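One-based numbering along the sequence shown. The shown structure was predicted, so the numbers you read here are calculated from the model rather than taken from an experiment.
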Amino acid sequence: MSRVLKADATAIRKAAAILRRGGLVAFPTETVYGLGADAENETAMRALFAAKGRPADHPVIVHLADASLVDQFAIEVPDAARKLAAAFWPGPMTLVLRRRARIGDLVTGGLETVGLRVPGHPVAHALLTEFGGPIAAPSANRFGRVSCTRAEHVVAELGDRVELILDGGECKVGVESTIIDVSGKQPAILRPGAVTAEQVAAVLKGSLAAGSTFSPRVSGSLPSHYAPQARVELVEADEVVSRASELVSQGQKVAVIGPASLQLTDRGIEFLPSPRGDEALAHSLYALLRRADELGCDVVVTSAPAEHGIGTAIADRLRRAAGPRY
Ligand code: TXA
Ligand code: MG
């Protein structure tokens, strides 16, 4: 069984020692929990992909203690990347840059680019400092599933596939980092997150590529991802109640995620009230989806928030959770 330790200085030293000998450690970041391995140890990287059940050609994000380390891992760092790093690091942002050779093929899935992130969470920062090297860390969930925002979620997802879980309480943001590709001609957002498109555009003063946030090499861009066991149905806000009742009448066990003000008269519905405001919803979103699974629901009925600010990230994750399953 994996050990869960409160993330104090002693536990962080133990975690760094495990990483040094090629083991896997889960740790909190401000976005979601990460499953960490020494990014420069090939055996550790293989163990990481195996633990996640992740296809080998999907790149993982490399975490660094400080923005000043970027040039040790990336080449041709453009001005736009410097500006974004200065504005949003440490924080919930990943920059895709051209990689240095010391970043191996396993980390990047064979791509010539690498995703780098300087997390803002004090435990993540302390672990990176204590370890003293780059930590490769995808979200600490099995491939395709909902990310973890609490240590007990990691236990449920990975069990003894991880040696040590550092418990740093609930992740503040709740959805994964904003990924910005700054390796091409024009910066482009590959995955929306807490650093919003509006904020990025303000820093880059308009040089942000418009349009597609789809890239098949970003596994979070696959249609079905961030998905609970329950099916997810996204409907208009004013259709949530009627659709839920309809599904109940068909004999399905239904969860509804929606504002506390919803008038749900159907007793068969598991109501999971969502907190007010998009930041609060992002924070709770994955825990609510996990709750629907714990309750054994067949389907979650909910609606997506308007696409601005962090609402764009919530809508993106809900669409992917609702996407076709293979
Ligand atoms: O908030 C986060 O980003 C969390 C925490 C733990 O840092 N990590 C996370 O990692 O969400 P993961 O592996 O679950 O998602 C990382 C995404 C993947 O979809 C991957 O394909 C994409 O980043 N990615 C990584 N390197 C890339 C690259 N060089 N080019 C394009 N996409 C890349
Ligand atoms: Mg993930």
Does the side chain of Leu64 come within less than 4.5 Å of Val62's, by heavy atoms? yes
Quickly, which of Arg98, Arg82, Arg99 forms a salt bridge (Lys or Arg N to Asp or Glu O under 4.0 Å) with Glu76? Name it, please. Arg98
Should Leu127 and Ile135 count as side-chain neighbours, where that means a heavy-atom distance under 4.5 Å? yes
Report yes if the side chains of Val32 and Cys148 come closer than 4.5 Å at any heavy-atom pair, otherwise no. no
Using a distance-only test with no angle check, is there a side-chain donor-acceptor pair under 3.5 angstrom linking Ser183 and Thr113? no
Any non-hydrogen side-chain atom of Tyr33 less than 4.5 Å from a side-chain atom of Cys171? yes
Kindly indicate, with the supporting measurements, whether the criterion side chain to side chain contact (heavy atoms under 4.5 Å, CB included) is fulfilled by Thr43 and Arg46. CA-CA 5 Å; Thr43 315; Arg46 285 188 204 284; 5.7 Å; no
Quick one, Ile165 and Arg3 - any side-chain contact, counting heavy atoms below 4.5 Å? no
Is it the case that one hydrophobic cluster holds both Ile269 and Val300, taking links as side-chain heavy atoms less than 4.5 Å apart, direct or via other members? no
Can you tell me how far apart OG (Ser177) and CH2 (Trp89) are? Round to the nearest 0.5 Å. 10.0 Å
What one should report as the nearest heavy-atom pair of Ala194 and Thr178 is N-OG1, 3.4 Å
Rounded to the nearest 0.5 Å, how far apart are OG of Ser242 and CG of Asp266? 11.0 Å
To the closest 0.5 Å, what do you measure between CG (Leu234) and CZ (Arg319)? 8.0 Å
Hey, are Asp8 and Lys14 close enough for a salt bridge, meaning a charged N less than 4.0 Å from a carboxylate O? no
Only one of Asp181, Ile75, Val182 passes side chain to side chain contact (heavy atoms under 4.5 Å, CB included) with Leu97, and that residue is Val182
Could you pull out the closest heavy-atom pair between Phe131 and Pro134, with the gap in Å? CE2-O, 3.6 Å
Would you check if Arg291 and Cys297 make a side-chain contact, meaning some heavy-atom pair closer than 4.5 Å? no
Could you please spell out the steps behind the side chain to side chain contact (heavy atoms under 4.5 Å, CB included) verdict for Asp298 and Val254? CA-CA 6 Å; Asp298 303 303; Val254 180; over 6 Å; no
Please check: side-chain N/O of Arg290 versus main-chain N/O of Val146, any donor-acceptor pairing under 3.5 Å? yes
Sidechain-backbone polar pair: His283 side chain, Glu279 backbone, donor-acceptor under 3.5 Å: no
Search all heavy atoms of Leu5 against all heavy atoms of Ala11 and return the closest pair with its distance. CB-CB, 3.9 Å
Any chance you could measure Arg142, atom CZ, to Leu35, atom CG, to the nearest 0.5 Å? 10.5 Å
Does Leu24 share a hydrophobic cluster with Val155, counting links as ILVMFWY side-chain heavy atoms below 4.5 Å and allowing steps through other members? yes
What's the verdict on ring pair (Phe, Tyr, Trp, His ring centres under 6.0 Å) for Phe49 and His58, showing C-alpha distance, side-chain angles and the deciding distance? CA-CA 9 Å; Phe49 278 81; His58 286 275; 8.6 Å; no
Please say whether more than 12 non-hydrogen atoms of neighbouring residues, nucleotides or ligands are located less than 6.0 Å from CD in Glu42. no
Between Arg243 and Glu236, is the closest basic N to carboxylate O distance under 4.0 Å? no
Six-ring centre of Phe73, Arg100 cation under 6.0 angstrom, axis tolerance 45°: no
Does Arg145 come within less than 4.0 Å of Glu157, counting only side-chain N to carboxylate O? yes
Closest non-hydrogen atoms of Glu307 and Ala315, given as atom of the first, atom of the second and distance, are OE2-CB, 3.6 Å
Would you call the rings of Tyr226 and Tyr286 parallel, tilted or perpendicular if under 30° counts as parallel and over 60° as perpendicular? parallel
Would you find a donor on one side and an acceptor on the other, under 3.5 Å apart, between the side chain of Gln252 and the backbone of Leu247? no
Rounded at 0.5 Å granularity, tell me how far OG in Ser274 sits from CD1 in Ile257. 7.5 Å
Salt-bridge criterion met for Glu170 and Lys172 (N-O under 4.0 Å): no
Does one hydrophobic cluster hold both Val241 and Leu288, with members joined at side-chain heavy-atom distances below 4.5 Å? no
Polar contact flag, side-chain donor to acceptor under 3.5 angstrom, Thr31-Arg117: yes
For the residue pair Arg325 and Ala230, what are the closest heavy atoms and their distance? NH2-O, 3.1 Å
State, to 0.1 Å, how close Ala137 and Gly36 come at their nearest heavy-atom pair, and which atoms those are. CB-CA, 4.0 Å
I would like to know whether Leu116 and Ile61 meet side chain to side chain contact (heavy atoms under 4.5 Å, CB included); could you show each step before the answer? CA-CA 6 Å; Leu116 297 177; Ile61 294 173; over 6 Å; no
Working note: His125 + Val118, criterion side chain to side chain contact (heavy atoms under 4.5 Å, CB included); need CA distance, chi angles, decisive distance, verdict. CA-CA 8 Å; His125 183 260; Val118 178; 5.7 Å; no
Do Val70 and Val77 come close enough that some side-chain heavy atom pair is under 4.5 Å? yes
Centres of the His121 and Phe27 rings: under 6.0 Å? no
Do Ile180 and Val96 come close enough that some side-chain heavy atom pair is under 4.5 Å? no
Spacing of Met93 atom CE and Arg191 atom CZ [to the nearest 0.5 Å]: 13.0 Å
Say whether Val299 and Leu285 are linked into one hydrophobic cluster, either directly or through other cluster members, by side-chain heavy-atom distances under 4.5 angstrom. no
Verify, without hydrogens or angle tests, whether Gln199 (side chain) and Thr196 (backbone) share a donor-acceptor contact under 3.5 angstrom. yes
Can you find a side-chain donor-acceptor pair between Glu176 and Ser139 that sits under 3.5 Å? no
Lys/Arg N to Asp/Glu carboxylate O, Lys253 vs Glu270, below 4.0 Å: yes
Hydrophobic cluster membership, with links at side-chain heavy-atom distances under 4.5 Å among I/L/V/M/F/W/Y: are Leu281 and Leu272 in one? yes
